[in-house]
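Ligands are counted one by one from 1 in listed order, and the atoms in each one are counted from 1 as well. Quantities reported herein were computed from a predicted structural model and do not represent experimental measurements. We count residues from 1, following the sequence as given.
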Amino acid sequence: MDVDDTPAEAAVRAEARAWFESVAKIRGEGEGHWKAFRAKTDDADVAQLNMAKAWQRQKFDAGWAAPHWPRHFGGQGRSGIEAGVVSEEETRFDVAANFFVVGIDMAGPTLMAHGTDEQQQRLLPPMLRGEEVWCQLFSEPGSGSDLASLSTRAERDGDEWVITGQKVWTSFAHSSDWGICLARTDPHVSKHAGITYFVVDMHSPGVTVRPLRQIDGAIHFNEVFLDAVRVPHANVVGDVGDGWRVAMTTLTAERTSIGGGGQTGWRDIVTLARLFAVNDNLVLRQELARLATLEMIQRWLVYRVRTAVAQGVAPGPEASVLKLLNSYQVEHTGSTVMSIMGATGTLWHDDAPDAGFWQDVFLFQWSSRIGGGTENIQRNILAERLLGLPREPDPLKGQPWSALPKS
Ligand SMILES: Cc1cc2nc3c(=O)[nH]c(=O)nc-3n(C[C@H](O)[C@H](O)[C@H](O)COP(=O)(O)OP(=O)(O)OC[C@H]3O[C@@H](n4cnc5c(N)ncnc54)[C@H](O)[C@@H]3O)c2cc1C
């Protein structure tokens, strides 16, 4: 595999860099993405959202909103690798991103693959312009890893569905206009077969969003209560009862997106090591070499998965390898920055270097191991689909959902 930019990729890099330079300030070396990380107060969260919306609109107006999307949906029709090159360039700049991941990286591709023309025309343009934020209403208090066991129910009432249930860990729900939502429409068939995929207007009567404040003060995810929420039948994505298949598109896109995103790079950590005058430490140098190697492997895996997607091949276990590698990298990054900082690592927020960005990086490793499917679940996928090991025994397989024990 040739890992240097091809002439075409180098041209995209130069074009993207020139545009970003013309509109944004480059991050100082070692500065970290602290503004784009976790806001610790409600006001800071709203300010970040507004900055992110303005930045997304600016990208849209200049044609850079979603380079990997097909042209007829408002993208640039770039290959997965070219789109990766553009996002690598973007991470060098001091810009607020973050809030559009569920929309542009997950809901968008799902609507392109399974949505109706009307859904695509109504929902995709404001998503790209940064006007409407999206969240993912999948996990429930009793259904995370075993997502197909979900209990939120949807009952048909004429041209509408009435959805009732509770979702949890819903990232960005407190800022969202739309949610992609899985609900059970037939409890009398097996758990995977009775699920339907909906698009829910988060401003509908009956939707209550309760933010969950994390130990670091940030609000990232929420509890969402759906109390007889009426959703038009036109908002069903794919066929009724075929929601699990549609959800697979979203979940694969999610793993690829999480695996492709890093909060920081090894060069920032080298700068941090110089700042703390520990860059001569031999053990640390080995760790930095390991991080640099991991980052490169991750980059090439991202290219590989994105190329498959761009060629119309659904990536399978590669997306799980990528997600697993990402959490491994985040874990090692967190431990390394703490060992560099020593006692300074115990400082917090404005008292710490880079406004506590490195403490956030350290703490983020636990989110990264769980969100988008836990490390154990990714390992199960690899065991079954890559190594060909036997599936986990499931004595209740094929039983109707209504007959299954519930947690
Ligand atoms: C930062 C973050 C953001 C998130 N954002 C969203 C979001 O926007 N929308 C959304 O719907 N969800 C979201 N989630 C939820 C996430 O998808 C779930 O937390 C995750 O799927 C795990 O489910 P759970 O928390 O119910 O844990 P459980 O499924 O109860 O798992 C508990 C433990 O058991 C292990 N385990 C479970 N089953 C198996 C098995 N078969 N084999 C081996 N080990 C197993 C797990 O690995 C884990 O260690 C987010 C989570 C985080 C951390």
Review point. Does the salt bridge (Lys or Arg N to Asp or Glu O under 4.0 Å) test come out yes or no for Arg129 and Asp61, once each step is laid out?
Key: CA-CA 8 Å; Arg129 289 195 295 266; Asp61 288 341; over 6 Å; no
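With ligand atoms numbered from 1 in the order given, ligand 1 contributes 1 (C), 53 (C) to contacts under 4.0 Å with heavy atoms of Ser367. In the vicinity of Phe138, heavy-atom distances shorter than 4.0 Å reach the ligand 1 atoms 11 (O). Close contacts of ligand 1 with Ile377, meaning ligand atoms under 4.0 Å from a residue heavy atom, involve 38 (N), 39 (C), 40 (C), 41 (N). Interface of Asn376 with ligand 1, defined as ligand atoms under 4.0 Å from a residue heavy atom, comprises 35 (C), 43 (C), 44 (N), 46 (C), 47 (O), 49 (O). For ligand 1, the atoms closer than 4.0 angstrom to any heavy atom of Thr374 are 22 (C), 46 (C), 47 (O).
Salt bridge status for Glu89 with Arg13: present, with a side-chain N to carboxylate O gap under 4.0 Å. One finds a salt bridge joining Lys191 and Asp146 here, because a Lys/Arg side-chain nitrogen approaches an Asp/Glu carboxylate oxygen to under 4.0 Å. Comment: Arg153 engages Glu155 in a salt bridge, judged by a side-chain N to carboxylate O separation of less than 4.0 angstrom. By the 4.0 Å N-to-carboxylate-O rule, Glu331 lies close enough to Arg369 to be salt-bridged with it.
Between Phe138 and Tyr197, the ring-plane angle classifies as perpendicular under the 30° and 60° cut-offs.
Atom CG of Asp186 sits about 8.5 Å away from atom OG1 of Thr196, to the nearest 0.5 Å.
Residues Phe221 and His174 keep their aromatic ring centres 6.0 Å or farther apart.
Taking all heavy atoms of Trp169, Phe221, Trp134 into account, the minimum distance to atom 25 (O) of ligand 1 is reached by Trp169. Comparing heavy-atom distances from atom 37 (C) of ligand 1 across Ser176, Ser145, Cys135 singles out Ser145 as nearest.
Considering backbone and side-chain atoms alike, Glu392 places an N or O below 3.5 Å from some N or O of ligand 1. Looking at Gln136 next to ligand 1, an N or O pair under 3.5 Å apart turns up. Ligand 1 has a nitrogen or oxygen under 3.5 angstrom from a nitrogen or oxygen of Ser171.
With Trp401 as the aromatic partner, Lys406 meets the cation-pi criteria of under 6.0 angstrom to the ring centre and within 45 degrees of the ring axis.
Neither the backbone nor the side chain of Lys167 has any atom closer than 4.0 Å to an atom of ligand 1 (non-hydrogen atoms only). Using a 4.0 Å cut-off between heavy atoms, Asn380 contacts ligand 1 through its side chain alone, with no backbone atom that close. When heavy-atom distances to ligand 1 are checked against a 4.0 Å cut-off, Phe172 has no atom that comes that close, whether in backbone or side chain.
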